[in-house]
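Only one structure is covered here, and it is reproduced in the block below.
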Amino acid sequence: MEDWKKELKSRFDDFQMREPEGLWDSIEKELPDKKRKVIPFGWITLAAVTAAAAALAVFVVPKGRNAGNLPEPIAVLEEAPASFDENVSILPEIPSSPKSPVIVKSLAEVIPVVYDEQKSIESVSAEEVNEEDAQEGEEKEFIPSEVPSREAQFTRRNKSEQLDNEFIDSPIVAIPKKKGGLSYKISTSASRTSTTSSSGYGNSILGTRSDISLDSYSNMRRLLSTNQATEKTVTHRMPARISFDVVYNITDRIGIGTGLSRTSLSSNIHSGTSTMYTDSEQKMVLLGIPISLYYGIPLSAKWLEVYASVGGMWEKAVDYSLDSHEYIGGQKTSAKSHSEEVPSYNQWSVNAVAGVRISLSEKSAWSVFAEGGAVRHFDNGSEIPTIYNDKPLMPLLNFGLRYSINN
Amino acid sequence: MRDFYSSTVSYLTGVCSRYIPDNDVVKDILQEAYIKIFKSIDKFQYRGAGSLKAWVTRIVVNDCLKSLKKKKNVQLIDNKYPDIPDEEDTDPGMGDLPMNVILDMIRSLPDGYRTVFNLFVFENKSHKEIASLLGIKENSSASQYFRARMMLVEKIEKYRKEHR
């Protein structure tokens with residue numbers, strides 16, 4: 001290319017022109033409200049319950065990090081390029097966020113550029129033509145000439161699941177007082193705080209609009225911070241559950257029960273680079289209907305009973321909130337979002353527990369119990385990160401207070 | 001999303017303005033282009049520094065070409081200048097002119113000249129590729145480019161005389 005063309009092209013590559021007035025407003029009006037993706041929920045056949053539920057004791061909980069501790073820094077990413085485009089706006093130096101598990105050596109003290117490009121336009125492949133353009137067959141597609149460019153060096157991190165404490169659930173326990181008797185109980189769970197952390201490959205959340213898919217945002221954030229790989233860390237808190245159960249005693253030992261439960265799931269989602277990231281707080285409330293089969297073994301002491309139960313539960317999301325805040329250089333910006341659109345989230349699970357129930361007195365309807373076992377949550381195809389998805393098979397440990405009402 | 005818009009709109013406005021002289025049309029084209037960008041950003045594959053810029057530029061340029069093709073009176077042939085083969089692609093002499101002056105000169109070219117000039121100089125397309133894009137002959141593309149350059153030379157000389 002002749003020199004004058006190169007120079008002219010170079011000058012126009014740096015050329016900035018004032019945007020048309022009102023352009024952003026008109027763009028914002030045209031952006032559609034995207035409904036959350038509805039993941040079809042396929043019916044899952046309940047797994048065969050184990051006849052040896054009584055042998056299930058408290059699981060040995062794998063050792064993991066304590067609540068609140070974050071993963072150690074994992075890796076060093078690619079170094080920054082030698083030069084940046086002149087038009088790029090460089091933000092002031094701010095130390096990288098202590099929360100980030102990723103260290104970028106060359107950019108540890110510099111916030112990445114907002115719009116980092118080379119001076120010459122590089123090519124993109126034909127596959128990147130958006131569908132609208134590709135479908136207009138009569139019009140010729142403009143495709144820049146091929147220019148080899150560096151491949152993005154994003155590291156993919158394997159998920160690391162670390163459960164700190166046991167999952168505490170409100171039990172559904174048979175209270176075989178009388179043969180054929182009907183009894184129901186109100187029980188609550190004693191929840192402990194615990195976390196499950198997992199890190200994944202970069203999906204950051206811009207969080208400014210809930211009508212654009214998370215992937216879109218993650219791409220934009222990733223592209224704006226082109227010299228750093230993004231990280232996503234999801235920290236789940238232990239679910240808190242309260243339930244009300246009704247148990248029908250078929251015999252003095254066997255009972256079948258159902259009821260209603262309310263579970264609160266809470267997670268923190270951190271995504272982005274070490275200097276530009278989004279922190280989101282996700283909360284979801286699920287209502288569940290459990291079904292369980294109980295087998296009680298009354299002991300010589302009538303106030304003491306050991307039991308085992310197996311069962312399943314179907315839960316549905318009835319409340320949801322997602323609050324996101326954007327951070328640049330560790331500083332909270334004014335950019336934030338709030339969403340309360342309840343997703344279509346259905347969750348099946350099966351559980352098996354064994355426990356001990358102690359009546360407060362021989363004739364009292366109140367008792368305390370302790371039980372342990374396991375719960376298995378089935379994949380419901382949802383993209384919403386929950387502890388159910390990250391840790392489908394979880395130990396179950398519960399202590400509680402129960403009130404039984406018999407005929 | 002707003003950050004992305006803010007960091008790219010000035011550049012893309014410049015790109016669009018090179019193709020479209022009407023500012024109202026520039027606004028319409030940018031609006032449609034940004035909506036396309038936001039809707040399809042998740043399909044974009046990052047290939048290193050420069051690929052994002054090239055991708056969004058391509059979307060805007062394509063929309064500009066579509067807009068120009070919709071115009072029924074797009075002038076692609078002009079008989080003012082002889083059909084001289086483009087043997088010497090000499091510098092029209094705009095190197096020291098202010099950018100806004102150069103832009104105004106380019107925008108003042110007839111649609112066909114301007115389109116071919118932009119595609120040849122800024123998008124680095126060959127005349128064969130331009131001919132395929134615009135549905136014209138390769139020789140016609142070369143002629144249009146030559147005439148665009150001649151017209152720019154006239155405008156530059158006139159500007160220099162007026163601003164001595």
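Values below: every heavy atom of this structure, side chains too, minus hydrogens, waters and symmetry copies. Each chain gets a letter, A, B and so on, in the order its sequence line appears, and its residues count up from 1.
- When the shell of 6.0 Å around CD of E162(B) is examined, it contains more than 12 heavy atoms from other residues, nucleotides or ligands.
- Contact of R11(A) with chain B is made through backbone and side chain together, with heavy-atom distances under 4.5 Å.
- For K9(A) (side chain) and V121(B) (main-chain N/O), no donor-acceptor pair under 3.5 Å exists by modelled atom type.
- Looking at heavy atoms from C-beta onward, E30(A) lies out of side-chain contact with Y34(B) at the 4.5 angstrom threshold.
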TODO: Check the pair E19(A), Y5(B) against side chain to side chain donor-acceptor pair (under 3.5 Å), reporting the backbone distance first and the verdict last.
DONE: CA-CA 10 Å; E19(A) 64 182 275; Y5(B) 166 85; 2.3 Å; yes
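- By number of non-hydrogen pairs under 4.5 angstrom with chain A, the leading residue of L103(B), N23(B), V26(B) is L103(B).
- Of the two parts of I106(B), only the side chain, counted from C-beta on, holds a non-hydrogen atom closer than 4.5 Å to a non-hydrogen atom of chain A.
- When ring centroids are compared, Y11(B) and F15(A) stay outside the 6.0 Å threshold.
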Task: F38(B) and I27(A): CA distance, side-chain angles, deciding distance, side-chain contact (heavy atoms from CB on, under 4.5 Å) verdict - done: CA-CA 10 Å; F38(B) 291 141; I27(A) 290 171; 4.0 Å; yes
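- Here E28(A) contributes atom CD and I35(B) contributes atom CD1; the two are 11.0 Å apart, rounded to the nearest 0.5 Å.
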TODO: Evaluate the side-chain contact (heavy atoms from CB on, under 4.5 Å) criterion for residues L31(A) and K39(B): first the C-alpha distance (whole Å), next the side-chain angles of each, then the deciding distance (0.1 Å), finally the verdict.
DONE: CA-CA 9 Å; L31(A) 288 174; K39(B) 284 183 179 178; 5.6 Å; no
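- Going from atom OG of S10(B) over to atom CE of M17(A) covers 10.0 Å, rounded to the nearest 0.5 Å.
- Nearest heavy atom pair, residue R18(A) against residue T13(B), reads O-CG2, 3.4 Å.
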TODO: Please report the C-alpha distance between M99(B) and F12(A) in whole Å, then the side-chain angles of each, then the deciding distance to 0.1 Å, and finally whether the side-chain contact (heavy atoms from CB on, under 4.5 Å) criterion is met.
DONE: CA-CA 8 Å; M99(B) 290 298 295; F12(A) 269 97; 3.7 Å; yes
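- Across all non-hydrogen atoms, the minimal contact from K27(B) to S26(A) is CE-OG, 3.9 Å.
- W24(A) CH2 to M1(B) CE: the interatomic distance, rounded to the nearest 0.5 Å, is 4.5 Å.
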